[in-house]
Enquirer: 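Encoded as structure tokens, here's the structure I'll be asking about.
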Amino acid sequence: MVLFILPSIAMAGLATGIVVTCSKGLPNVNSLLAYKPVETTRMYSSDGDLIAELYEENRTWVPLSVIPENLINAVMAIEDDQFFFHSGISFKGLGRALFANLEGNEISQGGSTITMQLAKNLFLSSEQTYKRKIKQMMLSLEIERCFTKEEILELYLNQIPFGSGAFGVEAASEIYFGKSVSALNLKEAALLAGLPQAPSLYSPYVNMEAARKRRNLVLLRMKELGYITTLEAKEAMASPVSVIDYKPIGFKGFKSPYFSTYCLQELVRKYGSEKIYRGGLKVYSTLDSKLQQYGQDCVRWGVDYGISGYAYCDQGALVCIENKTGYIRAMVGGYEYKQNDQFNRAWQAKRQPGSSFKIFVYTAALERGFTPDTICYDNPVTFTTPGGESYSPMNSDHKFYGAIPLRDAIRWSRNVVAVKTIDEIGIDTVINYAYKMGIKEKLPPVLSLALGSATVSPLEMASAVSVIPDMGIKIEPTTIIKIVDSDGNIIEDNSRPRGEEILSVDTAFNMAQMLKGAVESGTGTNARIDRPAAGKTGTTSDFKDAWFVGFTPDYTTSVWVGRDDNQSMNHVYGGDYPAMIWSRFMLYAHKGLKSRDFELPSGKFVKVNVCSISGLLPGRNCPEAAHMFEPGTEPNITCTMTHRKNMSNYGESGGTTDNGSRKPAVPSNSGKIDDTVVDGVVLPPDE
């Protein structure tokens, strides 16, 4: 008896010691009361397409009430048929599972209860040791003490992995069947129930025959337990396994990856990675899926066209913004998004804008009192830089046209006039207006800035220029219309965008009219479409960058074409492939939209004829032009200056040069009007 009692006491003491040791440091299961599941964030286009899923674990939480009874029964049948009768541990189940697995020489049933599996998934590692197993059993008992069976089952069904990146029954149902879990039928429920034991072995995307056998085993167990009839089991078992084609949402899980990845960085910047990848948000983006795809096609078409014409270009980018909302409707960051080329040229590339930057020079000039008819002098000039060096800007055709109105200076992109203008109103003035309108990059305070010597992105250009067709209102561009959290609360809402008045309405309207002229009969004629449109070409002197940035009352779109290695193209101008890409895209973007012209707000302005040079009421010999004024601000003094006749009509019916000779309305080389930063320009030491 002594020999019997002493070992028994020793064994009991050993067991107690093991239990005490294992119980130390056990997590508090009450933490499940405040448990916040890791859920998948989903991003949608404005037309309802799912374009991205962002997650550490792909999971969508659903309450037990929406999970079909067949699925609940199927899971219990194959995993834990005594779930509603044990207190967390089923020794009978462990024994039966061990015997079945040995007899069938395969894993046909799990040994752990549903509660034990939940304890392991939530609190423990997957190491196969007796210590971990004891902890698992102890946690199971504690979970059963603190929670109802229904609560445990809901936690379990939303936690377990089903393979193919799916965690929980809702994500699994979407992955394998393309529908919500609430819509599953019997055979689909049986297939899902069989996966958690070994997802990589039983997945229909891995082994269809293994998936079928496992599903049928689940159905047999359901019949044996009385969950379904023999006929139901027979019919379901005779059916083939039917799942949707396994396709990731797009490249690395994204559709429209140039847009989606830009939107992602915007989300992470605002809310942090934790909330984005684990928070189960619904992000309703500004993307127009059809417009995005067509924009991608247009960029490829333009680059291919350039290659076929020996232009030596290999890349392009496009950004389209809806003027009244600031919504980014399309963002194309390159010829093709692929594994070894994910660089987004639409916002990450910083390239010289060439003469498209003149938009900001002349906008600032109008704000400082210039008018479209202000006479400027296109003649040789030399400046002395702060470093004591000489700077003599040159027009691309190496010609000068004398006295011309501001509207023709931008229509024909005269470099000398742009540099004179920035010098007259002040470089800092232009820089400040460019920043206010939406340029983010640092702009160098040098005269050559007027000709685009800074670097900017297509997104910045589209954003900044969109202020003009929006009649002076600045709306920050965004990829987000609305964000809803996992509890249904709206945490961001841009459905009613608010803007800030940056430019006077008169300035915006006049700039729109001037840039409209550049498209109708200037350097941007390749951008003409079936409705009023305005824009500006941009080309750098070494042909490394070619741009067209333009707008209608509805959309502003910027297009860039160039090379990734920053080498020169073969005489590619902004009025060539970029303008053609722009017109092709904008024609499609405006399908179904009413044609509109640029208009001033009704009732807020009066039209008055003024002297196009002085801005006063016209005298006897004054060249006249119509201008819009807010009531009470129109001039009331008559101009007394002496003017040469027809000067303000230069560019339409001919004008007069400084020496009095006549010049043709259209320069003789109008077929190739360039608008460049001239080679050989001496820049300050700091540029």
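Quantities reported herein were computed from a predicted structural model and do not represent experimental measurements. We're numbering straight along the sequence, starting at 1.
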Enquirer: Given Ser112 and Gln117, is the side chain to side chain donor-acceptor pair (under 3.5 Å) satisfied, shown in steps?
Expert: CA-CA 6 Å; Ser112 298; Gln117 292 180 55; 5.8 Å; no
Enquirer: Do you know which two heavy atoms are closest between Ala330 and Leu287, and how far apart they sit?
Expert: CA-CD1, 4.5 Å
Enquirer: Between Gly194 and Arg214, what is the shortest heavy-atom contact and its length?
Expert: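 Shortest heavy-atom contact: O-NE, 2.9 Å.
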Enquirer: Quick one: which residue pairs count as a salt bridge (charged side-chain N to carboxylate O under 4.0 Å, His left out) with a foot in residues 182-199, not counting sequence neighbours?
Expert: Lys179-Glu188
Enquirer: Hey, are the side chains of Thr286 and Phe259 touching, using non-hydrogen atoms and a 4.5 Å cut-off?
Expert: yes
Enquirer: Under the ring pair (Phe, Tyr, Trp, His ring centres under 6.0 Å) rule, collect the residues that match up with Tyr176, sequence neighbours excluded.
Expert: Tyr205
Enquirer: Under a 4.5 Å cut-off applied to non-hydrogen side-chain atoms, are Glu500 and Ile473 in contact?
Expert: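 Answer no - side chains too far apart.
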Enquirer: Classify the side-chain pair Tyr202/Gln197 by whether it contains a donor and acceptor separated by less than 3.5 Å.
Expert: no
Enquirer: Can you sort out the partners of Asn323 under side-chain contact (heavy atoms from CB on, under 4.5 Å), two or more places apart, ordered by chain and number?
Expert: Ser466, Pro469, Thr556
Enquirer: Evaluate the side-chain proximity of Thr479 to Val283: yes if any heavy-atom separation is below 4.5 Å, no if none is.
Expert: no
Enquirer: What pairs meet the side chain to side chain donor-acceptor pair (under 3.5 Å) rule with one or both residues in residues 63-76, with sequence neighbours excluded?
Expert: none
Enquirer: Restricting to pairs with a member in residues 322-332, which pass salt bridge (charged side-chain N to carboxylate O under 4.0 Å, His left out), not counting sequence neighbours?
Expert: Glu322-Arg329
Enquirer: May I have all residue pairs that pass ring pair (Phe, Tyr, Trp, His ring centres under 6.0 Å) and include part of residues 273-295, sequence neighbours excluded?
Expert: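 Qualifying pairs: Tyr44-Tyr284, Tyr294-Tyr588.
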Enquirer: Going by heavy atoms in the side chains, are Glu154 and Glu151 under 4.5 Å from each other?
Expert: no
Enquirer: Counting neighbours of CZ on Arg498 that are heavy atoms of other residues, nucleotides or ligands and sit closer than 6.0 Å, is the number greater than 12?
Expert: no
Enquirer: Would you mind checking if Lys350 and Glu441 are paired as a salt bridge, meaning a charged N to carboxylate O distance below 4.0 Å?
Expert: yes
Enquirer: Which residues pass the ring pair (Phe, Tyr, Trp, His ring centres under 6.0 Å) test with Tyr555, not counting sequence neighbours?
Expert: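 His590.
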Enquirer: With sequence neighbours excluded, tell me which residues meet ring pair (Phe, Tyr, Trp, His ring centres under 6.0 Å) with Tyr262.
Expert: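 For Tyr262, the residues satisfying ring pair (Phe, Tyr, Trp, His ring centres under 6.0 Å) (neighbours in sequence not counted) are Trp347.
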Enquirer: For Lys213, does the NZ atom have more than 12 heavy-atom neighbours from other residues, nucleotides or ligands under 6.0 Å away?
Expert: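 Incorrect, the count does not exceed 12.
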Enquirer: Applying salt bridge (charged side-chain N to carboxylate O under 4.0 Å, His left out), can you list everything that pairs with Asp49, at least two apart in sequence or on another chain?
Expert: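 Per chain and number, Asp49 pairs via salt bridge (charged side-chain N to carboxylate O under 4.0 Å, His left out) with no residue.
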Enquirer: Going by atom types only, do Ser463 and Lys474 share a side-chain donor-acceptor pair under 3.5 Å?
Expert: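 There is such a pair (donor and acceptor under 3.5 Å, judged by atom type) between the side chains of Ser463 and Lys474.
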Enquirer: Given side chains that start at C-beta, do those of Ser486 and Leu281 come closer than 4.5 Å, heavy atoms only?
Expert: no
Enquirer: Taking all non-hydrogen atoms of both residues, which atom of Ala119 and which atom of Ser140 are closest, and how far apart?
Expert: CB-OG, 4.0 Å
Enquirer: Would you kindly say whether Ser289 and Gln292 are connected by a side-chain donor-acceptor distance under 3.5 Å?
Expert: no
Enquirer: Should we count CZ of Phe85 as having more than 12 external heavy atoms under 6.0 Å?
Expert: no
Enquirer: With distance as the sole criterion, is a donor-acceptor pair present between the side chains of Glu53 and Thr41 under 3.5 Å?
Expert: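 No pair is found: no donor N or O on one side chain lies under 3.5 Å from an acceptor on the other.
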Enquirer: Just by distance, no angles: are the side chains of Glu144 and Thr115 close enough, under 3.5 Å, to form a donor-acceptor pair?
Expert: yes
Enquirer: Please lay out, stage by stage, how Thr40 and Asn58 fare under the test side chain to side chain donor-acceptor pair (under 3.5 Å).
Expert: CA-CA 5 Å; Thr40 299; Asn58 185 8; 2.7 Å; yes
Enquirer: List the residues meeting ring pair (Phe, Tyr, Trp, His ring centres under 6.0 Å) with Tyr258, not counting sequence neighbours, and say none if there are none.
Expert: Tyr337
Enquirer: Can Arg351 and Ser457 be counted as having a side-chain donor-acceptor contact under 3.5 angstrom?
Expert: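 Result is no, nothing qualifies.
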Enquirer: Work out which heavy atom in Ile114 is nearest to a heavy atom in Glu79; give both atom names and the distance.
Expert: CG1-CB, 4.4 Å
Enquirer: So which heavy atom on Lys290 is nearest to which on Asp47, and how close?
Expert: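 Looking at all heavy atoms of both residues, the shortest contact is N-OD2, 4.1 Å.
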Enquirer: For Lys270, check salt bridge (charged side-chain N to carboxylate O under 4.0 Å, His left out) against everything at least two apart and list the hits.
Expert: Glu266, Glu492
Enquirer: One pair to check against side chain to side chain donor-acceptor pair (under 3.5 Å): Ser180 and Glu170. What are the steps and the verdict?
Expert: CA-CA 6 Å; Ser180 175; Glu170 178 67 13; 3.2 Å; yes
Enquirer: So, using salt bridge (charged side-chain N to carboxylate O under 4.0 Å, His left out) as the criterion, who are the partners of Arg345 when residues are at least two apart?
Expert: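 Partners of Arg345 by the salt bridge (charged side-chain N to carboxylate O under 4.0 Å, His left out) criterion, ordered by chain and then number, come out as Asp341, Asp564.
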